[in-house]
Each structure stands twice: as structure tokens, then as C-alpha cells.
Chemist: 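Attaching a single structure in C-alpha cells format; questions to follow.
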Number of protein chains: 2
Amino acid sequence: MTDSKSPRVRAASAKRERLMAAAARVVHQQGAERTTIADIAHAADVPVGNVYYYFKTKDDLVAAALTEHVRQLGLLTGQLDDLDDPRERLKGLVEAWASQREVAARYGCPTGTLAAELDKRTEGGLDVAAGKAIRVLLDWAERQFRELGLPDPGGLAETLVGAYQGMSLLANALREPDVMTRQCARLVGWLDSLSADGS
Amino acid sequence: MTDSKSPRVRAASAKRERLMAAAARVVHQQGAERTTIADIAHAADVPVGNVYYYFKTKDDLVAAALTEHVRQLGLLTGQLDDLDDPRERLKGLVEAWASQREVAARYGCPTGTLAAELDKRTEGGLDVAAGKAIRVLLDWAERQFRELGLPDPGGLAETLVGAYQGMSLLANALREPDVMTRQCARLVGWLDSLSADGS
DNA sequence: GTCTATAATCCGATAGAC
DNA sequence: GTCTATCGGATTATAGAC
């Protein structure tokens with residue numbers, strides 16, 4: 001039923017999606033402020049002036065980049081949801097972080113660095129959008145901890161996600177991927193040590 | 001011997017120091033990219049064009065902001081060094097973080113947010129300067145853990161500082177100072193639980 | 001040393017031809 | 001729908017008067 005190649009609809013959408021993907025990639029690498037419309041247009045192989053047909057403002061493009069990152073996070077957690085044990089899901093998440101250590105050391109966590117940047121603004125509402133993006137991960141993690149019957153699942157989720165954001169920032173600032181390896185190993189040990197009677 | 005008010009030398013330095021302090025404050029609040037020379041000049045009550053007499057480029061001002069934050073961190077750790085027990089020094093650091101929760105929730109960790117922003121650049125060497133700033137804190141913490149005779153003091157320091165960076169980012173993204181309170185309490189508990197025979 | 005005026009550049013956004 | 005040309009505003013940096 002959903003025609004995936006109707007020329008009129010898909011020609012436009014294809015370009016739009018290319019722009020979204022390029023925005024996510026380039027904004028992650030260069031930061032939102034230092035990225036120009038021209039940078040994104042070039043990366044997406046779209047003429048500069050044409051961008052405004054798909055996105056009214058630069059902020060719309062940044063918001064699209066945020067959405068794209070949330071979407072990719074959804075794909076990951078969706079796969080992890082197939083695992084039976086919540087603890088294995090959480091460990092799978094940590095392993096996924098460890099496997100991305102090179103990217104994290106170079107550019108930081110996509111969502112985290114973007115959130116940090118957007119939180120410097122008050123106008124436009126991009127700052128609250130960044131908060132919502134972070135909360136998606138936080139809520140997913142909290143659900144796993146709750147399913148494990150652990151006390152204060154919300155606090156545990158904050159610790160886990162915070163640890164990830166922190167190690168990504170350190171790895172990035174020091175340009176040392178090994179920080180990710182070491183700290184992810186610690187996190188796995190921590191997850192294994194948690195038992196229902198308190199830690 | 002060090003004349004603190006020789007007019008020729010100090011008149012210049014006074015303005016320079018005002019610009020440094022203003023740069024540290026405004027850059028923390030607005031971010032480096034969104035802060036203009038005019039913003040800093042206005043905050044320091046210095047005519048805009050005059051800034052260039054003290055700092056050749058904007059990057060020089062950003063570097064000065066970084067130095068200022070490192071200096072203030074040095075003041076804090078210097079006070080903590082007076083405590084006898086290394087564990088108490090570390091707990092004192094965590095308590096200092098908790099006391100700054102409102103600022104952290106609004107603008108993030110001064111050093112961390114700046115490092116995340118500057119790591120997006122390759123030219124100018126500001127990115128490695130940010131790394132060095134982070135390392136100052138890391139090294140101080142590692143010294144305390146080593147003095148406690150704990151295994152892998154470097155890894156423990158990464159965990160501690162990473163936890164701080166992470167909770168600051170979360171508190172900032174969610175605009176919730178309570179994240180700082182909760183996670184700092186967890187950190188204190190963690191510090192108390194560490195014993196020399198492994199954790 | 002201090003400050004003003006302005007040059008030079010860059011970038012987001014629009015108008016309008018095709 | 002697609003693209004070019006360009007406007008207008010903002011910002012870094014400099015030239016030069018005082």
C-alpha cells in the first residue's frame with residue numbers, strides 16, 4: 001500500500017532524507033554552531049539555496065538532526081528489546097557504546113554533545129527538544145532496571161546514562177578511545193553486581 | 001617586592017583580568033561560539049574595540065576563559081589539600097559539585113561544556129588546551145585514589161570525573177538540579193565503599 | 001594606552017527565473 | 001520542484017585619531 005517510489009512524493013522525500021542524514025552526520029562532527037547550511041547541503045549533494053525548500057530555517061535542520069539521532073537510538077534499543085533478560089539488554093547497550101569508542105573519542109556522544117550545545121539557547125525551544133532526546137534513553141534504561149526489581153530504577157538509569165555521557169566527554173577531550181573501553185568494562189561489572197536486595 | 005599597583009603595569013592588567021573573568025562567565029553561560037567579543041567587552045565594561053589591545057583574537061579570549069576556570073579549580077583543590085584524609089578530600093570535591101547544582105543545571109560544568117565545544121575544532125590548538133584542563137582534575141583525583149592505596153587509581157579517577165561530567169550534562173539537558181543531588185549522594189556512597197582490597 | 005569608526009568577511013535567508 | 005543570485009545583518013578584526 002505505501003508506494004515507495006511514487007516519483008512526485010519520493011523524489012522530494014529522498015532529498016529531504018539525504019539532508020537529514022547529512023545534517024546528523026555533519027552536525028555531530030562540527031557542532032551545530034560551526035556547521036553552515038552550505039556544509040550540510042554539500043554533504044547531501046544538494047544545491048545550497050534549495051535547502052530552504054525542505055527546511056525553513058537552520059534550526060529546523062538542527063532539529064531534524066536531533067530526530068535522526070533519536071531514530072537511530074530507537075533502532076538499537078528495539079534490537080535489544082528482543083533479549084529476554086533486562087540485565088542482558090543493559091549490558092548489550094554498554095557493549096554497543098564500547099564498540100563506538102573511536103567515534104566517541106573523536107566527536108563525543110551524538111546526542112550528548114548536541115544537547116550540551118543546544119542547552120546554551122533559550123529561544124526556539126531546541127533546548128527542550130534536546131532534553132527530550134536524552135530522556136528517551138533514560139526512560140528505556142529505567143524500564144530495564146525496574147523490570148529487574150531494583151530499588152530506585154530512575155536513579156540507576158541516571159547513573160548509567162550519566163556514566164556514558166561522562167566517559168564520552170572524557171574520551172573526546174583526551175582523544176583516548178581507551179577511556180571508553182575501561183569505563184564500559186567497569187559499567188558491565190557494576191551491572192552484574194546489582195542485586196534486588198539493594199547494591 | 002611584587003608591586004601590586006604600579007599604574008603602568010596594573011592599569012593594563014586590571015582591565016585584562018576583568019576581561020578574563022568576564023570571558024569565563026559569559027562563555028560558560030552562552031557557549032564559546034555564540035559569544036561575541038562585544039558580549040564579553042560589555043560584561044567587562046570595556047569598549048569593544050579596545051579588547052584587541054589585550055587579546056589579539058577571539059580564540060585568545062576563549063583560551064583565557066579556559067585558564068580562568070582551571071585557576072578556580074586550583075583554588076578549590078588547594079583548599080581540599082588541607083584535609084588529612086584523601087577520601088575526605090574526594091568527598092569534599094563531590095560536595096562542592098553538589099553545592100553548585102543550580103549553576104550546573106542551568107549551564108553545565110564550565111570546563112566540561114567548554115571542552116565539548118572546543119573538541120569540535122582541529123585548528124588553533126584550543127581542543128588540546130581543553131584536554132589539558134580536564135586532565136588537571138583527573139590527575140588530582142588520581143593522586144587521592146593512589147594515596148588511598150586503591151588499585152587502578154587512574155581508572156577510578158576517570159569514573160569519578162566522568163560521573164561528574166555526565167551528571168552535569170544530564171542535569172543541564174533536563175534542567176533538573178536534583179539530578180546533581182541524587183548522583184552526588186551516590187558518589188559519596190561509592191567513595192565510602194571503596195577499600196584497599198579491591199571494591 | 002584608550003577608544004571610535006569602519007573595513008572585510010561570512011552566513012542565513014529571500015526573491016525570482018526556470 | 002529546482003536552482004542562482006543576491007540582500008541584509010552580524011561579527012571579527014584593523015586603521016588610525018586622541
Side-chain angles (χ1 to χ4, degrees), chain A residues 3-20 22-23 26-27 29-66 114 117-118 120-126, chain B residues 3-23 26-27 29-66 117-118 120-126:
Chain A
D3 186 354
S4 68
K5 55 181 180 181
S6 157
R8 247 213 311 268
V9 174
R10 271 295 156 189
S13 292
K15 261 189 186 176
R16 211 190 129 89
E17 278 164 23
R18 264 188 3 241
L19 282 168
M20 274 189 74
V26 178
V27 165
Q29 293 173 355
Q30 304 189 346
E33 303 295 343
R34 293 181 72 85
T35 297
T36 68
I37 303 269
D39 288 337
I40 296 171
H42 189 258
D45 204 30
V46 167
V48 186
N50 198 6
V51 172
Y52 286 90
Y53 179 76
Y54 299 99
F55 298 92
K56 273 193 258 295
T57 66
K58 182 185 175 180
D59 278 7
D60 283 359
L61 257 177
V62 174
L66 201 54
L114 193 47
E117 219 179 339
L118 297 180
K120 298 295 184 188
R121 318 193 186 181
T122 308
E123 2 76 51
L126 272 181
Chain B
D3 186 354
S4 68
K5 54 180 181 180
S6 157
R8 248 209 312 262
V9 175
R10 271 298 155 186
S13 291
K15 262 189 186 175
R16 211 190 127 90
E17 279 165 23
R18 248 162 51 216
L19 282 168
M20 275 190 73
V26 178
V27 165
Q29 293 173 353
Q30 304 191 342
E33 302 295 342
R34 293 180 72 85
T35 297
T36 68
I37 304 269
D39 288 337
I40 297 171
H42 189 258
D45 205 29
V46 168
V48 185
N50 198 6
V51 172
Y52 286 90
Y53 178 75
Y54 299 99
F55 298 92
K56 272 193 259 294
T57 65
K58 182 186 173 181
D59 278 7
D60 283 359
L61 256 177
V62 174
L66 202 53
E117 220 178 340
L118 298 180
K120 298 294 184 190
R121 318 193 186 183
T122 308
E123 2 76 52
L126 272 181

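Only a predicted model underlies this, so the values are computations on that prediction, with no experimental measurement involved. Chain identifiers are assigned alphabetically (A, B, ...) following the order of the sequence lines, protein sequences preceding nucleic acid strands; residue numbering begins at 1 within each chain.
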Chemist: Not counting sequence neighbours, which residues clear side chain to side chain contact (heavy atoms under 4.5 Å, CB included) with Tyr52(B)? List them please.
Modeler: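 Partners of Tyr52(B) by the side chain to side chain contact (heavy atoms under 4.5 Å, CB included) criterion, ordered by chain and then number, come out as Ile37(B).
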Chemist: Rounding to an integer number of Å, can you tell me how far Lys58(B) NZ sits from dT12(D) P?
Modeler: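 From Lys58(B) NZ to dT12(D) P: 5 Å.
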Chemist: With sequence neighbours left out, what residues match Arg18(A) under salt bridge (Lys or Arg N to Asp or Glu O under 4.0 Å)?
Modeler: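 Scan of Arg18(A) (salt bridge (Lys or Arg N to Asp or Glu O under 4.0 Å), adjacent residues dropped) gives none.
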Chemist: CG of Leu61(B) versus C1' of dA13(D): gap in Å, rounded?
Modeler: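 Leu61(B) atom CG is separated from dA13(D) atom C1' by 13 Å.
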Chemist: What are the two closest heavy atoms between Leu114(A) and Val27(A), and how far apart are they?
Modeler: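 Minimum heavy-atom separation between Leu114(A) and Val27(A): CD1-CG1, 3.7 Å.
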Chemist: Rounded to the Å, how far apart are Ile40(A) CD1 and dA13(C) C1'?
Modeler: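 In whole Å, dA13(C) C1' and Ile40(A) CD1 are 14 Å from each other.
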Chemist: Sequence neighbours excluded, which residues qualify as side chain to side chain contact (heavy atoms under 4.5 Å, CB included) partners of Gln29(B)?
Modeler: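 With sequence neighbours excluded, Gln29(B) shows a side chain to side chain contact (heavy atoms under 4.5 Å, CB included) to Arg25(B), Tyr107(B), given in chain and number order.
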Chemist: Does anything in residues 36-51 of chain A form a side chain to side chain donor-acceptor pair (under 3.5 Å)? List the pairs, not counting sequence neighbours.
Modeler: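 As it turns out, the side chain to side chain donor-acceptor pair (under 3.5 Å) pairs with a partner in residues 36-51 of chain A, which skip direct neighbours, are Thr36(A)-Asp39(A).
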Chemist: Please name all residues satisfying side chain to side chain contact (heavy atoms under 4.5 Å, CB included) with Asp60(A), sequence neighbours left out, ordered by chain then number.
Modeler: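 Checked Asp60(A) against side chain to side chain contact (heavy atoms under 4.5 Å, CB included); matches are Phe55(A), Lys56(A), Thr57(A).
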Chemist: Can you check the Arg34(B) CZ to dG12(C) P distance for me, whole Å?
Modeler: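 The distance from CZ of Arg34(B) to P of dG12(C) comes to 12 Å, rounded to the nearest Å.
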Chemist: Figure out the OH/C1' separation between Tyr54(A) and dT2(D), and round it to whole Å.
Modeler: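 Value for this atom pair: 7 Å.
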Chemist: Could I get a table of every N or O pair under 3.5 Å where one atom is in the protein and the other is in nucleotides 3-10 of chain C?
Modeler:
{"residue": "dC3(C)", "atom": "OP2", "partner": "Lys15(B)", "partner atom": "NZ", "Å": "2.6"}
{"residue": "dC3(C)", "atom": "OP2", "partner": "Asn50(B)", "partner atom": "ND2", "Å": "3.1"}

Chemist: Rounded to whole angstroms, how far apart are CD on Glu123(B) and P on dT12(D)?
Modeler: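 Taking CD of Glu123(B) and P of dT12(D), I get 15 Å after rounding.
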Chemist: Just how far, in rounded Å, is P of dG12(C) from CD of Glu33(A)?
Modeler: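 Answer to the nearest Å: 10 Å.
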Chemist: Side chain of Tyr52(A) only, heavy atoms from C-beta on: which candidate in dT2(D), dA13(D), dA13(C) is closest?
Modeler: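 The closest nucleotide is dA13(C).
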Chemist: In whole angstrom, give the distance that lies between atom CG of Leu19(A) and atom P of dG12(C).
Modeler: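 Whole-Å distance recorded here is 14 Å.
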Chemist: Check every atom of dT2(D), dT12(D), dG12(C) against the side chain of Ile37(A) and return the nucleotide holding the closest atom.
Modeler: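 The nucleotide sitting nearest to the side chain is dG12(C).
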